[in-house]
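Let me begin by presenting the structure, written as C-alpha cells, before commenting on it.
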Amino acid sequence: MYKLKYFISEALKGLWRHRVMSLLSIITIFLVLFILGVFLMIGANVRFAVESLSESLEIRLVLKGNPTPQDVQRLYNSILSLNGVKEARFISRGEGLRNLAKELGREDLLGLLKTNPLPDVFEIRVKRASDVEAVVRSLKGWSETQEVIYGKEAAQKLLAIQRFLIYGGGILGSILLVSALLVIFNTVRLVVYARREEIEIMKLVGATHWFIRFPFIFEGVILGGVGGVLAFGALILSYGEAVKVLSSQFPFIPVILETAVLYKLCGAVLLLGLLIGFGGGLFAVQRLLGKVAME
Amino acid sequence: MYKLKYFISEALKGLWRHRVMSLLSIITIFLVLFILGVFLMIGANVRFAVESLSESLEIRLVLKGNPTPQDVQRLYNSILSLNGVKEARFISRGEGLRNLAKELGREDLLGLLKTNPLPDVFEIRVKRASDVEAVVRSLKGWSETQEVIYGKEAAQKLLAIQRFLIYGGGILGSILLVSALLVIFNTVRLVVYARREEIEIMKLVGATHWFIRFPFIFEGVILGGVGGVLAFGALILSYGEAVKVLSSQFPFIPVILETAVLYKLCGAVLLLGLLIGFGGGLFAVQRLLGKVAME
Amino acid sequence: MISFSAVTKVYPHGIVALRDITVNIEKGEFVFLIGPTGSGKTTFLRLIYREIKPTRGSVYVMGENLAKMKEKEIPYLRRKIGFVFQDFKLLPYKNVYENVAFALEVIGCDPDEKEARVEEVLERVGLSHRKHLLPYQLSGGERQRAAMARALVYDPPILLADEPTGNLDFEAARGIIDLLVEANLRGTTVIVATHNRDIVNSLRKRVIVLRDGALVRDDKEGGYDV
Amino acid sequence: MISFSAVTKVYPHGIVALRDITVNIEKGEFVFLIGPTGSGKTTFLRLIYREIKPTRGSVYVMGENLAKMKEKEIPYLRRKIGFVFQDFKLLPYKNVYENVAFALEVIGCDPDEKEARVEEVLERVGLSHRKHLLPYQLSGGERQRAAMARALVYDPPILLADEPTGNLDFEAARGIIDLLVEANLRGTTVIVATHNRDIVNSLRKRVIVLRDGALVRDDKEGGYDV
Ligand SMILES: Nc1ncnc2c1ncn2[C@@H]1O[C@H](COP(=O)(O)OP(=O)(O)OP(=O)(O)O)[C@@H](O)[C@H]1O
Ligand SMILES: Nc1ncnc2c1ncn2[C@@H]1O[C@H](COP(=O)(O)OP(=O)(O)OP(=O)(O)O)[C@@H](O)[C@H]1O
Ligand SMILES: [Mg+2]
Ligand SMILES: [Mg+2]
C-alpha cells in the first residue's frame, strides 16, 4: 500500500518535473487517439448510410391472372414473413395504369386503351442489399408468380460497395490503429529515453528493476490516460456538433444517433490510450534496464 | 562553406549518437505523413467518384408536335452547344413506345393502342450535377420545348453531397493536417529536449545561438525529410496496389489513374515533412536557448 | 570480506586499467587506495560494486563470486555497499533530502524511520541547511557531502568512497574522514580512494598503491609516500 | 580587467552566496580564490562569466558592465574567458579531442590550425593517449585535464579555473598549476578557486579569501592560512 502510494507520487513528480515533455506527449497522444476515433465514427456512419441505401432497392413481384382480395391478403402475409423483407405494397392493375398515364403526361391514355394491359403487382423492399437474392429466389418459387423484376445489377453493386467499405475500412482502420499504437508508444519511449541518466543512477543505488519500472509505468498510464480522456471528450463533443450541422444542412444524410454505440467507440479509444501508455512505459524502461552499465 | 559542412556533419553525428530516438521519431513522422497522404488520396478519389456519379443524372426534353429530321438535327446541335452538356440522344415516339412495351412486358401494347400517345424526346446527360439547373433553364426557353423532365431532387441531393464532402473533407483534412504538424513538431521537440544538457554546455562555451541552432535545424530537416521520403514511397506503392485490387474486384468504382495528381499529392506530403522538421528544429532549440541559465 | 584474485580489467580501446591484482581485505578493515590519476582506483571500486566485470580473474564479495552473480541479485549486493561516487551521481531532479531518502526507499524502509534517519545523517555531514536544494544548486563540496550522506544513511557493511574530499577544504575533509572512521569503528569495512596526502599520512591505516593498474605497494600502516 | 563593486548575490531560497564584494583585479594578475566549501567561490567566477547576474552591485569585465550586456553579446564575452568548470561540463557525446576542438569551432577557427592547436594542448595537459575516449570513459583526473585543455586551447585573455586540481594527485596538480602560471607569464589574467593548501602556499600569489560570502582577506603575496 505504502509502496503503491510511493510509486504514484513518484510518477506524478516525474511528469511535473518534465512538464514540457509531458504536455507535448499528452497532446500527441490526444491527437492520435482523436483521429483514430474520428475515423471509427466516420466508418460506422458510412456503413450505417450504405445500409440505409439498401432500403431503396425495390423488388417487383408480377402476379399471374386475376387474384382475389383474399389471395392478395394471403400473398401479402407470405411476403412479409420472408426473411429480410422490410415492407410490401400491393399495386392493382388499375392503380398501375393511372400511375403510368400520369408518368407519360397523357391523362387520356385510359381512353386510348381498349383493355388494361397491366398486371397486378407487389412492390417489396428489403432491409439489406444482401437479402435481395434470397427473397427473389423464394418469390420465384410461388405458383402465383408470373415474373420477378428487380435491379439485379444495383443490388450487386450495393453489395460490392458494402464489401469494399468493410475491407477497405478494415485495412485503413488497421493501418491507423497500428500507427496510433506506434506513435503513442514512441512518444512514451522518447519521454523515458530522455531520462536514461536517472535510470542509470537508480540502478547504481541498488534499486531493483521493478522499483525503477513502476513509476515509469504509472507515468505511461497517466500520459495515455489523460490523452485518452481528452480524446474521449473531444470526440463526444465534436460528434454532437457534427450531427447538429449535418441534420440541419443535409437532412437526407443518415447518421447514427444511438449514444450507446458512440460511447462504446469512444470508450475503446480511451482504453487504448491507457493500454498503450502502460505498454510504452513498461517496454521503454525495459530497454534501458536491459543495457549493461556503460563501461 | 566549411561551416555548412561542419553543421551537417554535426547534425548527422547527433542523429547517429541518439539513433534510437532518431529512429523512433522518423517512424512517427513517417506514419503521420502516411496517414495524411492516405486521407488526401481517399478524399481526391471520393470527389472524383461523386463527379462521375453526376453523369447518371438525366434530363428528358419532351418536344412539341412533329419535328422534322432537320429540326431534330438542329436541336441536337443546340443542345450539345449548351454549357455543361456531356451527351444527348434522340428517342423518337416510335422507339419510345417499343421501349415501353418491353418494359411492361406486353409486346402486344402496340396492337392495343389506336395511336401512339408518346412524344419525341431527347435524353441529355450533363458533366456535373451543378450544371443541371442551368441546362434545364436554357431548354425551357426554347419554342420547340413542350416540357423538361429531370430529377430535380436527385440533382439537388447530389449537389448537397458534393458540398458536404468538400466541407466535411476540408474540416477533417484540416484537423488531420494540424495534428500531423503538431505530432511531428512535438517529436522533434522531444528529441531536442532530451538534449538540453548539451545545449546548456554549448552556451557556456561561448557558442552563439545560431551556431547551436544550425545542427539542430538540420537534424529536424533530416528527420522530417526521411520520414517524408518514406511516406512518399509508401503512398505511391500502396496506391498502386490499392488501384490494382479495386479495379479487379470492384471495377465499377471509379479511381484516379492520372499519375500527375498522385505525385503532386505525395510531393506535398514530402514537402510538409521537410518544413515541419525545419520548424520543429528551429523552435525547439529556440525555447531552450531562450531560457536564462539555471541559477 | 572482499578479495581479488588475479584480476585484470581491459577497457575498450585496449586500455588496461588493472593488471593481475590479487588482494584480500578483511571485514572491519580501513583501506586507503592511492595512486596517480588514471592508475585504476575507480576501476578497482567499480569491480566490487559489480558495475563492471573483470576481464580475467575473479572478485569475491562476502563470499560470493561476482562473475557468477545473476543480474537480478545485483541490486541486493549494492544495498550492502555504500558508494560515494567520484562524480556524485545524484539524481538531478531530486533535492538533497530526496536523494538521500531514495537510498532508503529502495530497501523498503518505513516512512517514519526514513525521515528520522535522513535528517540525522544530513546533520552529521552538515547539510541540514541545504536539504531542499537540487544538486545543480549545490556547491561542489555540498554535492560531495550529499553523496556521502546517501552512502552512509543505510549503514551498509561495506563503504566505498571514491575521492570523497576532492572538493573540500581541509577541515571539511577531516570531518568526512572522521565519519568514515566512525563507521569503521562500528565494524564497517571501508575503502577510500584518495589523493589527499595529509589525510593518508595522519591516519596511518592500510595503504594499497596502484600504478598503471598494477599493485605496487600494500602496507599495513602506511603513508602516502614510501 | 575585472572589477566587482558592492556585489551581492542572493540565490533562490534566500541563500546569500556573496555579500557586498568590492574587488579589483588587474590585467596580468594571478589570483587564488580560497575559502571553505559553500563560501561563494564558484558564484564569484560565474558572475565574471555572466552565467548569473548579481542581485545588487555591478561586475565589470574588460571595461564592460555585464548587467547592461545584451543577451547576444554574451557568447563573445565568453570567448575571451577560458573556464575550467568545477564539474567539468564536457559535452557527453563528444570525445576528448572533439570537446577541446569544439571551443575552437565556436570561434570559427580554420580546420588545419584547429587540429594543430588541439593536439598541442592535449600534449601539454598529458591527454594525447586518451583523446578518443568519451568523458564517461575517463578517470576523474583525466576529465579535469580535458576541461583544462578546453579552457587553454584558444589562449583567452582571462582564465578562470574552479578547483582544477581536486581530482589530481600532487604531481599532476603541480603540472596543471604550472600551465596556468605559464599562461599568466604570457599575459593572461588568471583566477583559480582552490582548496589546495600546498599549491597556494608554494606560489605566493595574490590570495582572496571568502567566508560565508564575505571577502575576509586580500593579500598581495598571501598563503592559505593567515
Ligand atoms: N569506460 C571506459 N572505457 C575506456 N577506458 C576507460 C573507461 N573507464 C576508465 N578508463 C580508463 O582506465 C584508466 C583507469 O581509470 P580509473 O578511473 O580507474 O582511474 P583512477 O585511478 O580512478 O583515476 P583518477 O584518480 O583520475 O580518478 C584510465 O586511463 C581511464 O581512461
Ligand atoms: N542555483 C543555486 N540556487 C540556490 N543556491 C545556490 C545555487 N548555487 C549555489 N548556491 C548556494 O550558494 C552557496 C555558495 O555556493 P558556491 O558554489 O559559490 O560555493 P563554493 O565556494 O564554490 O563552494 P565549493 O568549494 O564547495 O565549491 C552554497 O551554499 C550553495 O548551496
Ligand atoms: Mg577515479
Ligand atoms: Mg565551487
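Proteins come first, then strands; the chains are lettered A, B, ... in the order of their sequence lines, and each starts at number 1.
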Interface residue of largest heavy-atom contact number with chain B, from Ala103(D), Pro111(D), Gly82(D), under 4.5 Å: Pro111(D)

Part of Glu105(D) within contact of chain B (heavy atom distance under 4.5 Å): both

4.5 Å side-chain heavy-atom contact, Glu29(D) and Met1(D): no

Segment of Phe83(D) engaging chain B (4.5 angstrom heavy-atom cut-off): neither

Contact check, side chains of Thr8(D) and Leu18(D), non-hydrogen atoms, under 4.5 Å: no

Within-4.5 Å side-chain heavy-atom neighbours: Arg211(D) and Pro36(D): yes

Options Lys72(D), Lys94(D), Lys80(D), ranked by heavy-atom pairs under 4.5 Å with chain B, top entry: Lys94(D)

Chain B interface, residue from Val106(D), Asp110(D), Leu77(D) that has the most non-hydrogen pairs under 4.5 Å: Val106(D)

Interface moiety of Leu90(D) toward chain B, non-hydrogen atoms closer than 4.5 Å: backbone

Tyr93(D) versus Glu198(B), side-chain donor and acceptor atoms under 3.5 Å: no

Parallel, tilted or perpendicular: ring planes of Tyr263(B) versus Phe232(B), cut at 30 and 60 degrees: tilted

